[in-house]
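Whatever order the structure lists them in is the order used to number ligands and atoms, beginning at 1.
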Amino acid sequence: MTRVDELLALGAEVKGFMPPSEGRALYEAGLDQRRGGTWLEIGAWCAKSAIYLGAAAEQLDCVVFSLDHHHGSEENQRGWDYFDEELVDAHDGRLNTLPHWQRNIARARLEDVVVGLVGASQVVAPHFATPLDLLFIDGGHGEEVAWADYRAWAPRIVPGGSLLIHDVFEDPAAGGRPPYEIYLAALDSGDFTERAHRGSLRWLRRR
Ligand code: SAH
Ligand code: MG
């Protein structure tokens with residue numbers, strides 16, 4: 001098994017919210033980047049998407065910052081649709097994906113490629129100044145959080161860099177609006193053009 005096959009298989013196996021076809025598309029978007037760049041994903045969960053991105057970043061000597069407060073979004077809390085009892089920390093009863101994220105990145109042998117940023121996106125954003133070659137938005141999907149992520153982070157993408165947005169559904173019956181709205185806003189801004197899409201993953205390029 002090649003290294004890439006190993007990582008794509010591991011990405012498919014770990015807990016998370018992305019079918020393998022979209023994971024592969026994320027990997028392919030990563031492969032299209034320049035060498036040595038800085039990437040950021042918002043919404044790490046248990047490192048599924050970080051492994052797909054990491055598989056490409058490793059080949060290009062890029063670093064992926066994988067940002068999350070690791071306490072889950074609203075829909076991940078007890079009583080909601082995407083709650084997972086296995087992710088509850090027995091110590092304090094809170095959802096905590098960080099140990100799972102760490103174990104999965106270690107298992108993938110991506111510790112020198114994927115670096116965790118533990119905190120809320122809106123807290124980190126004003127203090128993170130590195131221009132981004134690739135930004136993957138897959139954090140909170142509520143109106144306020146999704147727009148805050150787009151407004152704070154999309155301007156940091158360098159010309160020619162990539163903006164990837166997950167859970168973009170044109171049909172309101174298929175999923176929540178905010179990721180679709182920020183996708184439209186990015187196109188309307190005139191700063192981005194569409195590169196490709198697979199499933200609910202949209203790939204835009206900064207002019
Ligand atoms: N990319 C992951 C899925 C991410 S789920 C995968 O491939 O499986 C969305 C994540 O966003 C959750 O882990 C949640 O904790 C995180 N999140 C939600 N709001 C956030 C915020 N304001 N700051 C940081 N992380 C946030
Ligand atoms: Mg998602």
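Side-chain contact, Glu170 with Tyr183: no donor N or O sits under 3.5 Å from an acceptor N or O.
Rounding to the nearest 10°, we obtain 90° for the angle at the Mg ion (ligand 2) between Asp138 OD1 and Asp167 OD2.
Every atom of ligand 1 is numbered from 1 in the order shown, and the set under 4.0 Å from a heavy atom of Gly43 is 1 (N), 2 (C), 4 (C), 10 (C), 11 (O). Of all the atoms in ligand 1, the ones that sit under 4.0 Å from a non-hydrogen atom of Gly119 are 24 (C). Atoms of ligand 1 found under 4.0 Å from any heavy atom of Ala120, numbered from 1 in the order shown, are 23 (N), 24 (C). Every atom of ligand 1 is numbered from 1 in the order shown, and the set under 4.0 Å from a heavy atom of His69 is 15 (O), 17 (N), 18 (C), 19 (N), 20 (C), 21 (C), 23 (N), 24 (C), 25 (N), 26 (C). Near Val145, with a cut-off below 4.0 Å to any heavy atom, the atoms of ligand 1 are 22 (N).
Counting protein heavy atoms only, atom 9 (C) of ligand 1 is closest to Asp138 O, 3.3 Å. Considering only non-hydrogen protein atoms, atom 8 (O) of ligand 1 sits nearest to Phe17 N, 3.1 Å. For atom 19 (N) of ligand 1, the closest non-hydrogen atom of the protein is Gly140 N, 3.5 Å. The shortest contact between atom 22 (N) of ligand 1 and any protein heavy atom is with Gln122 OE1, 3.1 Å. From the protein, the heavy atom lying nearest to atom 6 (C) of ligand 1 is Ser49 OG, 3.7 Å. Of the protein's non-hydrogen atoms, Asp68 OD1, 2.7 Å is the one closest to atom 15 (O) of ligand 1.
Between Thr193 and Arg205, some side-chain heavy-atom pair lies under the 4.5 Å cut-off. In this structure the side chain of Gln77 reaches within 4.5 angstrom of the side chain of Leu95, judged on heavy atoms. Leu87 places a side-chain heavy atom less than 4.5 Å from the side chain of Lys15. Side-chain contact between Arg3 and Arg109: present, with at least one pair of heavy atoms (C-beta onward) separated by less than 4.5 Å.
Considering backbone and side-chain atoms alike, Ser121 places an N or O below 3.5 Å from some N or O of ligand 1.
The distance from atom SG of Cys62 to atom CZ of Arg34, rounded to the nearest 0.5 Å, is 7.0 Å. Separating the CG atom in Leu8 from the OH atom in Tyr52 is a distance of 6.5 Å, to the nearest 0.5 Å.
With hydrogens and angles disregarded, no donor-acceptor distance shorter than 3.5 Å links the side chain of Asp32 to the backbone of Ala29.
Assignment of Cys46 to the shell around ligand 1 is not supported, since no heavy atom sits closer than 4.0 Å. At least one heavy atom of Leu67 sits less than 4.0 Å from an atom of ligand 1.
Using cut-offs of 30° and 60° on the angle between ring planes, the pair Trp45 and Phe17 is tilted.
Looking at His166, its N, O or S atom nearest to the Mg ion (ligand 2) turns out to be ND1.
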